[in-house]
Every structure is written in structure tokens, then in C-alpha cells.
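Structure record follows, encoded as C-alpha cells.
Values in this document were obtained by computation on a predicted structure and should not be read as measured data. Count residues from 1 along the sequence. Every number for a ligand or one of its atoms is a count from 1 in the order of the listing.
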Amino acid sequence: MRSHSILSSFGILAAFAATANAVVPLYDRCGGEGWTGETECPEGAYCMVLNQWWSSCQPAPVVPCTTFGPYINPNSKTDGLNSFAVRRGKYFGTAGDWVYEDVMNCSWARIATDPSEFGVLTPGNSQKWDSTEATQGVFNFETADNITNWGLKYGKKIRGHTLVWHQQLPDWVTGGTWNATTLKAVLKNHVTTVATHFKGKIFHWDVVNEPFNDDGTFRNSIFYQILGESYIEIALRAAAAADPAAKLYINDYNVEGVNAKSTALLNLFKKLKACGVPVHGIGVQGHLISGQIPGDIEVNFNRIVAAGAEIYITELDIRMVVPPANQTAAYEQQAAEYAIVTKACKVTGRCIGITVWNFTDKNSWIPSVFAGQGDALPWDKNFQKKPAYYGIAKTLKP
Ligand code: 9MR
């Protein structure tokens, strides 16, 4: 199973000492087509895809993979999700991070760095509060810098993620004794310090993440409890002051179609705009379920754009029950659903782009959170393109 631990240092030798709970011994098989055995490697090792049929536990390299290419220019008339998107004035991106399974895995890195597939990178975890300010007032940007600079080095635009969220908060924030003055100062300092640190490197910031409940009421986060909805304005103003060039987004899930939550998010955008608060876009995460794709995504996108917001589909994946009873049929349906979502962005002028929340089923967050579900992404566990890939590609292809 994918571990979400972020490498804060390269303590590989120390990590090898802790192999007591190892399931697959180092160098033994851990995957590949038809493999039904154990898939977990010892700490300090990772399950490396050697070919379609064989993966084995290999010591994790201490540096990101660097064997790539040759790549195709995304502006040329060649195949690739970003290449097609670019020719429509849009972007296609992926989430990824400074972890063994992503940038240190050559199978992953080879695809992720390909500019014809991805033009945008969102650090999945390393810019979040628990990673950047685990101790009050002590900022650590080591892993966040590593992944951000890695993305920039390979020509990606970076979607910054995220400045204020109710999850992945250190205990000192959630368990602190705050009043409006003290929490406002803490929030302002966090946003200002992080956005200043990355100034000039980020093209979009997900400033505020998941502010609403599904019924459209504000989520009762520590920030909302102490500051009310003013925390949103505080964060946006601090981000704009720190990095005036970045486009500022409010980002949420279950807001793809027209519903109470997407209406609340849109109304928040309108209110912020009317009050002169700096905000540019609505991030539609797009964590969708196969068979339950809203029928009115384009209608929703149109009303968002009409309110003066740009849109980005920030975390797309379409999950299903695994293994599906009929994989061919399930994958074809998923491909059609990816095409529907992609088309909504294609036909919406100010939909800036689409980012998938990692691109391979091997590294998806879904199975660890939704037991029995998965296969949500355009590449399978063996880094092979699925019908979903072609559903996106054929929709974007000019
Ligand atoms: O992909 C992220 C996963 O590795 C983390 O464990 C998880 C913790 O909550 O956050 C995941 O990313 C989330 C994103 O930041 C915001 N929208 C929902 C995503 C999936 O949980």
C-alpha cells in the first residue's frame, strides 16, 4: 500500500534497520500483471516496476530518478494529454510528491516529467501546514522546496496546495487555546510566510481548501469556530500581499454539478469579489464515483464563469468498486466519464485546466480511504494507459 510519509531527510541506512514488519523481502517480487501476493516492501525500499509483469522490492534511491526522455515538445502536433490541452489554451497536470513512490520511482518520474502528458504539478502533501509549520513559528520547507523545484526544473507550472485547510493541521493549531486576535495572527503569519517563501514559483494557490459541508453550511473548522467566515478573507488578503502574481483559488469537493455546496462556494466567491477581496478562481476537485457523474457539470461551470471566476479541475479521479465484475465494461464506462468531465473543461472558456490526483492507480489515495474502491486514474498499477486515458485524450485532441 502507498505510504504517505514524506521524506524529510535521506536517512536510508537508518530506515533499513527497521525491516521487522517487512512483508516482501528486499529484491523479491511485489507486483506485476497477475500478481496476487503481498505488495508491501520493507521500509527504505519500494516496489519498483521492472516491466508489465514483474515488480520487485528495491532499495529506495536517495535521489529522484533522472533517466527520462527523449520527450516531445508539448506544442507540437503529437499525442499527450498536456500537448492536446496546450493546443486548446489549457493545461493538463498531475499531483505528485517527494516520496519514494513518485519522484524516486523511475517508472513514475518518466511519465510525470513528460511535457506532452503533464504541464502542471501539484505537490500532494508537502506544502500543507503540518509539513511547513509543524511547530508554531518554525517553518521547514525542505520537502516542499524539493518537490516544487523538481517540478519547475522539468518545466511544470506549480499549483500550490494548500494554505488553509481543516486537515493535516498540527496539533498545536487544532488543540490550541485561541481567541480571534491570536488565531488571526497565526493564520496570517502562516499564509504570509509560506506564500512569500514560494513567491514567483506558484501559478495558482489553493488558498482555502474545503470550506463547506455538503449542505452548503460552513465547515466548523478551528478557523471557522474562532474567526467565522472572516478567516477566508484573512487568508486571501495575506496570500495576495505575499505573492501578487499567483491566481488565488477557493477549492472544494462535491462541487462539480449544481447543488447546495457548489452554490455556497459560488456565493462565497461573489461575496468576496463584491467586497474587493482578492480571489480569482474556483477549484473543483473532481473526486468522482463511476456511475454517479453529475449531469449538469457544464451548467455549473457556466454559472461559475458568469460570476467572473476562472475554474480549474484540481484533483480529478473517478473511483469504482474493485475488482470490477467486468473490467472491460467498467473501464469503458470510466473512460466515457472522464470524457464528460474533460469536455466540460474544454467547452468552458475560462476553465484553465485539469489535474489528476496522481496519474497511476498504484499511487492513488483512494484504496486507503475508501476500502474496496480504486482504479480511479488514467494509468493502471503497471503504468499502462487505461481506456480512461484515451477518453481524456480523444476529447482534448484538437
Ligand atoms: O493525497 C493526499 C493524501 O496523500 C493525504 O493522505 C490526504 C490527507 O487528508 O490528503 C490527500 O489529498 C487531499 C487533498 O489535499 C484535498 N482534497 C482531498 C484529497 C484526498 O484526500
**OP:** Run the numbers for me: atoms of ligand 1, each under 4.0 Å from some heavy atom of W357, listed by number.
**Re:** 1 (O), 2 (C), 11 (C), 12 (O), 13 (C), 14 (C), 15 (O), 19 (C)

Subject >> T162 and ligand 1 - part of the residue with a heavy-atom distance under 4.0 Å >> reply: neither

Original post:
Which atoms from ligand 1 have a heavy atom of W365 less than 4.0 Å away?
Top reply: 20 (C), 21 (O)

Original post:
Given that the side chain starts at C-beta and the backbone is N, CA, C, O, which of these parts of W165 lies under 4.0 Å from ligand 1, counting heavy atoms, or is it both or neither?
Top reply: side chain

Subject >> Polar contact flag, side-chain donor to acceptor under 3.5 angstrom, D317-W365 >> reply: yes

Subject >> Row check, F383 ring normal vs R110 NZ/CZ: under 6.0 Å, within 45° >> reply: no

Original post:
Between the side chains of D130 and Q167, is a donor N or O closer than 3.5 angstrom to an acceptor N or O?
Top reply: no

**OP:** Find all atoms of ligand 1 within a distance of less than 4.0 Å from any non-hydrogen atom belonging to Q167, and give their numbers and elements.
**Re:** 8 (C), 9 (O)

Subject >> Ligand-side contact atoms (ligand 1) for residue partner N209, heavy atom cut-off under 4.0 Å >> reply: 16 (C)

Original post:
So which bit of N251 gets within less than 4.0 Å of ligand 1, heavy atoms only: side chain, backbone, both or neither?
Top reply: neither

Subject >> Short N-O contact, K386 and D380, less than 4.0 angstrom >> reply: no

Original post:
For C65 and C106, what are the C-alpha separation, side-chain angles and deciding distance, and is it a disulfide bond (SG atoms under 2.5 Å apart)?
Top reply: CA-CA 5 Å; C65 177; C106 285; 2.1 Å; yes

Subject >> Distance-only side-chain donor-acceptor flag, E101 / W108, under 3.5 Å >> reply: no

